[in-house]
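What follows is a short report on a single structure.
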Amino acid sequence: MDDGPVPVKGALALLPIWNELLELAGGYGLIDHTIATADWHPEDHISFVSSHKGLQLGDQIHQCAASGQAGPDACHNITLFNSHCVAGSLGAQAPDGLATDRLDHTVRKGTLPDVESYSGLFDLGHTHSTGLVELLRARRVTALVVAGVATDYCVLYTVLDALEEGFQVFLVLDGCAGISAEAVHAALERMQAAGAVLVSLRGREGDHGAPSLLTELERARGKGHPGSQLEL
């Protein structure tokens with residue numbers, strides 16, 4: 001969050017937006033399922049700068065999948081962060097104030113020491129599934145409403161993977177925050193170019209005239225079963 005080991009400026013201010021999104025699964029009936037994805041890292045996770053002697057915060061390492069496991073993104077760069085979201089620790093818990101009682105399910109990712117998973121669906125090399133795709137298909141979900149942090153990492157890769165898997169994606173601009181303003185801008189362009197629908201819940205200034213989420217959900221309602229996903 002704002003003051004965590006991987007700080008995302010403005011993240012705490014998003015809690016009311018996230019809770020409003022969760023409310024849409026209640027009396028409004030516009031969202032059928034509510035799912036959170038969350039990092040759940042071992043202490044020696046590959047993304048921790050402390051796991052790499054001689055390297056510094058923000059450096060990148062290059063990793064390729066083992067022979068026989070190569071997916072479409074077999075080789076990729078991993079950015080090194082401070083230790084964060086260590087399994088079972090306070091930092092891995094949902095932020096205070098989030099209406100977790102309204103969540104149907106939480107998907108944990110980044111659980112293996114040598115596998116990085118920005119996306120809520122797959123690891124970076126697409127060799128491991130988090131189980132989210134299977135869950136969504138079992139629930140006949142066809143469209144996702146995505147919000148969370150960070151826009152330029154977990155949100156970006158989740159949206160791209162969801163689109164690749166054939167889901168319609170509504171990205172809630174006023175429910176997201178990122179690490180780097182420049183990278184966020186590039187991420188938004190990339191997601192929109194891939195087919196994501198950029199929407200706004202509250203019509204916050206700076207959302208580029210994005211259409212209302214409620215309006216878009218009403219249109220989508222007759223076409224399938226929307227699900228809401230929070231990237232924490």
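Computed over heavy atoms, backbone and side chain alike; hydrogens, waters and symmetry mates excluded.
Trp40 and Leu103 fall into different hydrophobic clusters, defined by Ile, Leu, Val, Met, Phe, Trp and Tyr side-chain heavy atoms under 4.5 Å apart, directly or through other members. Using a 4.5 Å cut-off between side-chain heavy atoms of Ile, Leu, Val, Met, Phe, Trp and Tyr, with links allowed through other members, Leu124 and Leu55 fall into the same hydrophobic cluster. Linking ILVMFWY side-chain heavy atoms closer than 4.5 Å, directly or via other members, places Val86 and Val6 in two distinct hydrophobic clusters. Residues Val115 and Leu80 fall into different hydrophobic clusters, defined by Ile, Leu, Val, Met, Phe, Trp and Tyr side chains chained together at heavy-atom separations under 4.5 Å. The hydrophobic clustering, which links ILVMFWY residues whose side-chain heavy atoms are closer than 4.5 Å, places Tyr153 and Leu163 together.
The shortest distance between side-chain heavy atoms of Asp59 and Val49 does not fall below 4.5 Å. Taking 4.5 Å as the limit, some side-chain heavy atom of Arg139 sits within range of a side-chain heavy atom of Asp104. Using a 4.5 Å cut-off on side-chain heavy atoms (C-beta onward), Ser51 and His45 make no contact. Residues Thr106 and Thr100 have side chains not in contact (no heavy-atom distance under 4.5 Å, counting atoms from C-beta outward). Side-chain atoms of Gln168 and Thr142, non-hydrogen and from C-beta on, never get closer than 4.5 Å to each other. Leu201 has its side chain out of reach of Val199: every pair of non-hydrogen atoms, C-beta onward, lies at least 4.5 Å apart. Between Thr151 and Met191 there is a side-chain heavy-atom pair separated by less than 4.5 Å.
In terms of heavy atoms, Val155 sits closest to Cys176 at CG1-SG, 4.3 Å. In terms of heavy atoms, Gly120 sits closest to Val107 at O-CG1, 4.1 Å. Residues Ala92 and Gly88 share a closest heavy-atom pair of CB-N, 4.5 Å. Minimum interatomic distance between Ala147 and Leu21 (heavy atoms only, all atoms of both residues): CB-CD1, 3.7 Å. Minimum heavy-atom separation, Ala11 to Trp18: O-CH2, 4.3 Å.
In this structure, OG1 on Thr34 lies 12.0 Å from CD on Glu23, to the nearest 0.5 angstrom. Atoms NE2 and NE2, on His33 and His105 in that order, are 12.0 Å from each other to the nearest 0.5 Å. Here Ser117 contributes atom OG and His128 contributes atom NE2; the two are 8.5 Å apart, rounded to the nearest 0.5 Å. In this structure, the separation between CG on Leu144 and CG on Asp161 is 11.5 Å, given to the nearest 0.5 Å. To the nearest 0.5 Å, the span separating CD on Glu20 from CG on Leu214 amounts to 9.0 Å. Atom-to-atom distance recorded for Glu165:CD and Leu160:CG is 12.0 Å, nearest 0.5 angstrom.
Within the 3.5 Å criterion, the main-chain N or O of Tyr118 finds a donor-acceptor partner in the side chain of Lys109. A side-chain donor-acceptor contact under 3.5 Å links Asn19 to the backbone of Gly97. Side chain of Gln63 to main chain of Asp114: a donor-acceptor pair is present (N/O by atom type, distance under 3.5 Å, no hydrogens or angles). Here the side chain of Ser47 pairs no donor or acceptor atom with the backbone of Glu116 at under 3.5 angstrom. Between the side chain of Asp152 and the backbone N or O of Gly178 there is no donor-acceptor pair closer than 3.5 Å. Of the possible polar contacts, one joining the Thr130 side chain to the Leu121 backbone as a donor-acceptor pair under 3.5 Å is found.
Within a 6.0 Å radius of CD in Glu164, no more than 12 heavy atoms belonging to other residues, nucleotides or ligands are found. Atom CD of Gln60 sits in a crowded spot, with more than 12 heavy atoms from other residues, nucleotides or ligands closer than 6.0 Å.
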- Item | Worked verdict on Leu98 versus Leu22 for side-chain contact (heavy atoms from CB on, under 4.5 Å) | CA-CA 9 Å; Leu98 181 66; Leu22 293 173; 4.2 Å; yes
- Could you check Phe81 against Ile179 for side-chain contact (heavy atoms from CB on, under 4.5 Å), going step by step and ending with a plain yes or no? CA-CA 12 Å; Phe81 295 104; Ile179 295 175; 4.2 Å; yes
- Please walk me through it: do Leu24 and Leu213 pass side-chain contact (heavy atoms from CB on, under 4.5 Å)? CA-CA 11 Å; Leu24 295 179; Leu213 169 65; 4.0 Å; yes
- Query: Can you check side-chain contact (heavy atoms from CB on, under 4.5 Å) on His52 and Ile46, steps first, answer last?
  - Reply: CA-CA 8 Å; His52 303 275; Ile46 192 170; 4.0 Å; yes
- Task: Apply the test side chain to side chain donor-acceptor pair (under 3.5 Å) to residues Ser200 and Asp174: give CA-CA distance (whole Å), side-chain angles for both, the deciding distance (0.1 Å), then the verdict.
- Result: CA-CA 6 Å; Ser200 173; Asp174 46 352; 3.1 Å; yes
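Using the six-membered ring where Trp is involved, His41 and Phe48 have ring planes that are perpendicular, over 60° apart on the 30 and 60° scheme.
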